[in-house]
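Okay, structure first, notes after.
Here the structure is a predicted model, which means the values were calculated and not measured.
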Amino acid sequence: MDFLRNLFSRTLGIGTPEKVLDELSLESVSKFMLSEKCKNVICMVGAGISTSAGIPDFRSPGSGLYANLQKYNLPYPEAIFQIGYFKENPEPFFALARELFPGQFKPTICHYFMRLLKEKGLLLRCYSQNIDTLERVAGLTSEDLVEAHGTFYSSHCVGAFCGAEYSLSWMKEKIFSDLIPKCEKCNNLVKPDIVFFGESLPSRFFSAVKSDFPKVDLLIVMGTSLQVQPFASLVSKVSSKTPRLLINKELTGQGDSFLSVLGLGGGMDFDSEKAYRDVAWLGDCDDGCLALADFLGWKAELEELVKKEHAEIDAAAEAAKKKESKPDNSSKEESSAANTSDDKANN
């Protein structure tokens, strides 16, 4: 009844929606986060939180992934992530995978902001559209994450009667040896566990949504166009009293509130006369997280965390280079440091 009352009040102008923020601003969101009302935060993130790491998003004109696939001679850009096309022509995907493979990039400020949310006891879950594993490298665990569109972390044989599992290190060795990964049991293709067009989302996505979203006190949406379903519909799964913060380069998630009831859109309302809980901070996602951290009194802590973690990743990479150049003289200490980044991704 509460949901319907608030829905009708917004769409038909009947009654006044209950005020959930002092004002529709980033500062007001920070005050809410520091209050007793906010105990469970869900983050919904997309490719925009990884662009500052050097990983392109999908749809930005000119710089997006789909705009720069001409060298693969695809019938259309999305074909590189079509399961049917992959089974017939796996070479373009694995060539792209070499460019985007985990271990070549460092997490961004956004990733470490979510790490801070976890350390402060506020992060209920991160729902990610990304396949780059940077959330894991930043310190989030499998329990903290719902990788809605899958991950490079594990791989499986596509054979209908096989399904053998392979590790990240196994897949990395094959890809960087310019080999098409084939199953050691049945010789079928082996594909990273990322969700292609034509495949179902992981079962964990649906079970976690059912248990998590009734509990959420604040929804933070970052770096996503909210164009891909069913991920985009998650913004409509929270209570009508739950504030929703968008940190993004442009407005998104807006739509007909009635459609949100059907799970077909978010119905986020940032600036109409009926707006009462949705806040948009437009710009670079890292800058948005820094601005929010500043209001929360966490900015220095966040910057120090990023500096420390990046230094550890750089040290691990340097140790790995030394080990490769002097395999017979590598120390145990160098070997341990070289494994730091991979260990974080495997948590």
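- Taking 4.5 Å as the limit, some side-chain heavy atom of Tyr127 sits within range of a side-chain heavy atom of Val209.
- Checked by atom type and distance alone, the side chain of Asp278 never pairs as donor or acceptor with a backbone atom of Phe270 at under 3.5 Å.
- Between Val221 and Leu226 the shortest side-chain heavy-atom distance falls below 4.5 Å.
- By the ring-ring contact (aromatic ring centres under 6.0 Å, His included) test, Tyr166 pairs with Trp170, sequence neighbours left out.
- Checked by atom type, the side-chain pair Arg277/Ser240 shows no donor-acceptor distance below 3.5 Å.
- With no hydrogens or angles considered, a side-chain donor-acceptor pair links Thr224 and Gln129 at under 3.5 Å.
- With sequence neighbours excluded, the residues forming a salt bridge (Lys or Arg N to Asp or Glu O under 4.0 Å) with Arg98 are Asp178, listed by chain and number.
- Pairs of residues two or more places apart, or lying in two chains, never qualify as salt bridge (Lys or Arg N to Asp or Glu O under 4.0 Å) while including a residue from residues 201-211.
- The salt bridge (Lys or Arg N to Asp or Glu O under 4.0 Å) analysis of residues 222-236, with sequence neighbours excluded, yields no pairs.
- His310 has its ring centre less than 6.0 Å from the ring centre of Tyr112.
- For Phe93, the ring-ring contact (aromatic ring centres under 6.0 Å, His included) criterion is met by Phe86, Phe196, not counting sequence neighbours.
- With hydrogens and angles left out, the side-chain atoms of Ser25 and Glu23 include a donor and acceptor closer than 3.5 Å.
- Remark: Arg115 engages Glu309 in a salt bridge, criterion side-chain N to carboxylate O under 4.0 Å.
- Residues passing the ring-ring contact (aromatic ring centres under 6.0 Å, His included) test with Phe32, sequence neighbours excluded: none.
- Ser52 and Asp286 are linked by a side-chain donor-acceptor pair at a separation below 3.5 angstrom, with hydrogens and angles left out of the test.
- Under the salt bridge (Lys or Arg N to Asp or Glu O under 4.0 Å) criterion, the residue pairs touching residues 211-228 are Arg125-Asp212, with sequence neighbours excluded.
- Looking at residues two or more places apart in sequence or on another chain, you find a side chain to side chain contact (heavy atoms under 4.5 Å, CB included) between Leu282 and Leu251, Ala280.
- A donor-acceptor contact closer than 3.5 angstrom links the side chains of Ser154 and Asp193.
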Can you list, pair by pair, the side-chain donor-acceptor contacts under 3.5 Å of residues 293-304, counting residues two or more places apart and other chains?
residue, atom, partner, partner atom, Å
Trp298, NE1, Leu296, O, 3.4
Glu301, OE1, Lys120, NZ, 2.8
Glu301, OE2, Lys120, NZ, 3.4

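- Checked by atom type and distance alone, the side chain of His111 pairs as donor or acceptor with a backbone atom of Thr108 at under 3.5 Å.
- Under the salt bridge (Lys or Arg N to Asp or Glu O under 4.0 Å) criterion, Asp22 pairs with no residue, sequence neighbours left out.
- The list of salt bridge (Lys or Arg N to Asp or Glu O under 4.0 Å) pairs with a residue in residues 31-52, not counting sequence neighbours, reads Glu36-Lys39.
- Considering only residues two or more places apart in sequence or on other chains, His156 meets the ring-ring contact (aromatic ring centres under 6.0 Å, His included) condition with none of them.
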